[in-house]
2 protein chains.
Amino acid sequence: MQHPQHPVAAPRTDTRMRVQKVALELFAEQGYEKTSLREIAERLGVTKAALYYHFKSKEDIVHSLTDDHNARIDELIEWAKGQPADERTRSEILDRYVRIVFDGAEVFRFMEQNRAAMQAMEQGKGDRLARFRDRLDALVGLLAGPDAPLRERVRATAALISASATCMIGWDSHEDPAELRAIALEIAAELVG
Amino acid sequence: MQHPQHPVAAPRTDTRMRVQKVALELFAEQGYEKTSLREIAERLGVTKAALYYHFKSKEDIVHSLTDDHNARIDELIEWAKGQPADERTRSEILDRYVRIVFDGAEVFRFMEQNRAAMQAMEQGKGDRLARFRDRLDALVGLLAGPDAPLRERVRATAALISASATCMIGWDSHEDPAELRAIALEIAAELVG
DNA sequence: GTCTATAGACGGATAGAC
DNA sequence: GTCTATCCGTCTATAGAC
């Protein structure tokens, strides 16, 4: 008789997730470039080499943190392209967008504060919506219409930027998150309405 | 008879400004941390050591780029503190704020894209409004009132963030700058009004 | 005011034992 | 899956000649 589920000696199967957690903390505290793999390993109580078993490079850690969130934005864009360009669709785009940023607030805050580093990583990825700016432009196009006048495009941009900023800025810790999300959505709706 | 104005051999007295120009270009292209003094010197046709004659460190180059603009924000805050907290004052705060960001758009864009690096530099400067976040909070306090409810504080924050983003985002190069500035102001006024 | 040369430190990444 | 040890590159900053 065997116990195939659990190998003996409980080999810390969650190390990968612990690396992600610590890396995100340090990237947020001191920035991506100023955080070395040595620091991440030290705070985790392992060695640099251990990190390379779970991630093939420093950039790979970042991608493991950001890919899911970026994919959700891409899905939103794809979905919206198949919808009629009416008021109903616009308000659903904003609702879903705010929810995505709100759910991944820590990661989006990291991306925001390290935009220069993110842009450097995005270089050379010509395919799809690899670049942050492409995603923003796509959403603006869907919210304002592809050939909208400058004023409408600027307002749609401002709507997205202020909504996400509201979701990811560090407020007093005892503010009501649900209220923040509602206010973010209200502001965005006002600007595209 | 002498010619006291121009020393012989025209010793490139503008090198300091040329360094600032090239540094800002490179910081914007690849980010502050990924730009080395070697690269700056190379693009300028001088050596690293020459840079150290004009600036005492890499950070010092950044401060030479940003200090004036930050001081203008500080002056705006000081001025506003002595004004009555009415509609007239709020709208003048926004007008002056937008003008400051608009005038220094390249530098503000650099600070925005390298916020992590900026924050790292701001560590340990306890005095005055050394930190970016302090300036934002001060302006929000002046626009919304010191003990305003959450919604008003969030809206004031969104006003400042979207106005500055509008001024410093890279739009199609043939857009009318004056129109952009007007739209930025309109959005901000709407959110604090 | 600009140069050459170098110090001194730290970074990411890999090899190979256990 | 984690370790030790190390390679090799790059960086900021300085010393000192011209």
Side-chain angles (χ1 to χ4, degrees), chain A residues 4-27 29-66 114 116-118 120-124, chain B residues 5-27 29-65 114 116-118 120-124:
Chain A
Q5 299 297 347
H6 298 288
V8 285
R12 282 240 82 110
T13 182
D14 61 337
T15 300
R16 190 187 154 91
M17 277 172 50
R18 293 170 65 232
V19 172
Q20 289 175 313
K21 183 174 177 298
V22 167
L24 185 54
E25 280 170 18
L26 283 169
F27 291 163
E29 275 173 36
Q30 354 176 306
Y32 171 73
E33 312 271 8
K34 286 198 88 98
T35 301
S36 67
L37 296 178
R38 182 184 53 73
E39 283 174 296
I40 297 174
E42 255 167 31
R43 185 175 289 202
L44 235 117
V46 298
T47 61
K48 253 196 307 178
L51 303 184
Y52 279 96
Y53 174 81
H54 297 280
F55 302 93
K56 74 176 209 300
S57 68
K58 190 183 178 187
E59 285 198 13
D60 192 40
I61 300 180
V62 173
H63 285 123
S64 81
L65 292 168
T66 61
N114 293 275
M118 298 301 295
M121 289 184 209
E122 289 165 351
Q123 294 296 355
Chain B
Q5 300 296 347
H6 298 289
V8 286
R12 284 243 80 112
T13 182
D14 61 336
T15 301
R16 190 186 152 92
M17 278 173 49
R18 293 170 65 232
V19 173
Q20 289 175 313
K21 183 173 177 299
V22 168
L24 186 54
E25 280 170 18
L26 283 170
F27 291 162
E29 275 174 36
Q30 353 175 303
Y32 171 74
E33 312 271 9
K34 288 198 84 103
T35 301
S36 66
L37 296 179
R38 181 185 51 76
E39 283 175 295
I40 297 175
E42 256 167 29
R43 184 173 293 201
L44 237 120
V46 298
T47 62
K48 253 195 306 178
L51 303 185
Y52 279 95
Y53 175 82
H54 296 279
F55 302 93
K56 75 176 210 299
S57 68
K58 190 183 178 188
E59 285 198 11
D60 192 40
I61 300 180
V62 173
H63 285 124
S64 82
L65 292 168
N114 293 275
M118 298 301 295
M121 288 184 210
E122 290 166 351
Q123 293 297 354

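- The two residues Val62(A) and Met121(A) make their nearest non-hydrogen contact at CG2-CE, 3.8 Å.
- Across every non-hydrogen atom of Tyr52(B) and Ser57(B), the tightest pair is CE2-CA, 4.2 Å.
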Set out, line by line, the N/O atom pairs under 3.5 Å between protein and nucleotides 16-18 of chain C.
none

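- For the pair Ile40(A) CD1 and dA13(C) P, the interatomic distance rounds to 11 Å; values are reported in whole Å.
- Arg43(A) pairs by the side-chain hydrogen bond (donor to acceptor under 3.5 Å, both in side chains) definition with Glu25(A), Glu29(A), not counting sequence neighbours.
- Atom C1' of nucleotide dG1(D) and atom CZ of Arg18(A) are separated by 12 Å, given to the nearest angstrom.
- The distance between atom OH of Tyr53(B) and atom C1' of dA15(D), rounded to the nearest whole Å, is 17 Å.
- Between Tyr32(B) and Lys58(B) the shortest side-chain heavy-atom distance falls below 4.5 Å.
- Between Gln30(A) and Leu26(A) there is a side-chain heavy-atom pair separated by less than 4.5 Å.
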Could you list all N or O pairs between the protein and nucleotides 9-13 of chain D that sit under 3.5 Å apart?
from, atom 1, to, atom 2, distance (Å)
dC11(D), OP1, Ser36(B), OG, 3.2
dC11(D), OP1, Arg38(B), NH2, 3.4
dC11(D), OP2, Arg38(B), NE, 2.9
dC11(D), OP2, Arg38(B), NH2, 3.2
dT12(D), OP1, Lys58(B), NZ, 3.2
dT12(D), OP2, Leu37(B), N, 3.1
dT12(D), O4, Lys48(B), NZ, 3.3
dA13(D), OP2, Tyr52(B), OH, 2.8
dA13(D), OP2, Lys58(B), N, 3.1
dA13(D), O5', Tyr52(B), OH, 3.3
dA13(D), N6, Lys48(B), NZ, 3.0

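- In terms of heavy atoms, Ala116(A) sits closest to Gly31(B) at CB-CA, 3.7 Å.
- Checked options Ile40(A), Asp60(A), Thr15(A); the residue passing with Leu51(A) is Ile40(A) (criterion: side chain to side chain contact (heavy atoms under 4.5 Å, CB included)).
- A donor-acceptor pair is defined here as one N or O able to donate and one able to accept, closer than 3.5 Å; no such pair exists between the side chain of Gln123(A) and the backbone of Ala120(A).
- OP1 or OP2 of dC3(D) sits under 4.0 Å from a side-chain N or O of Thr47(A).
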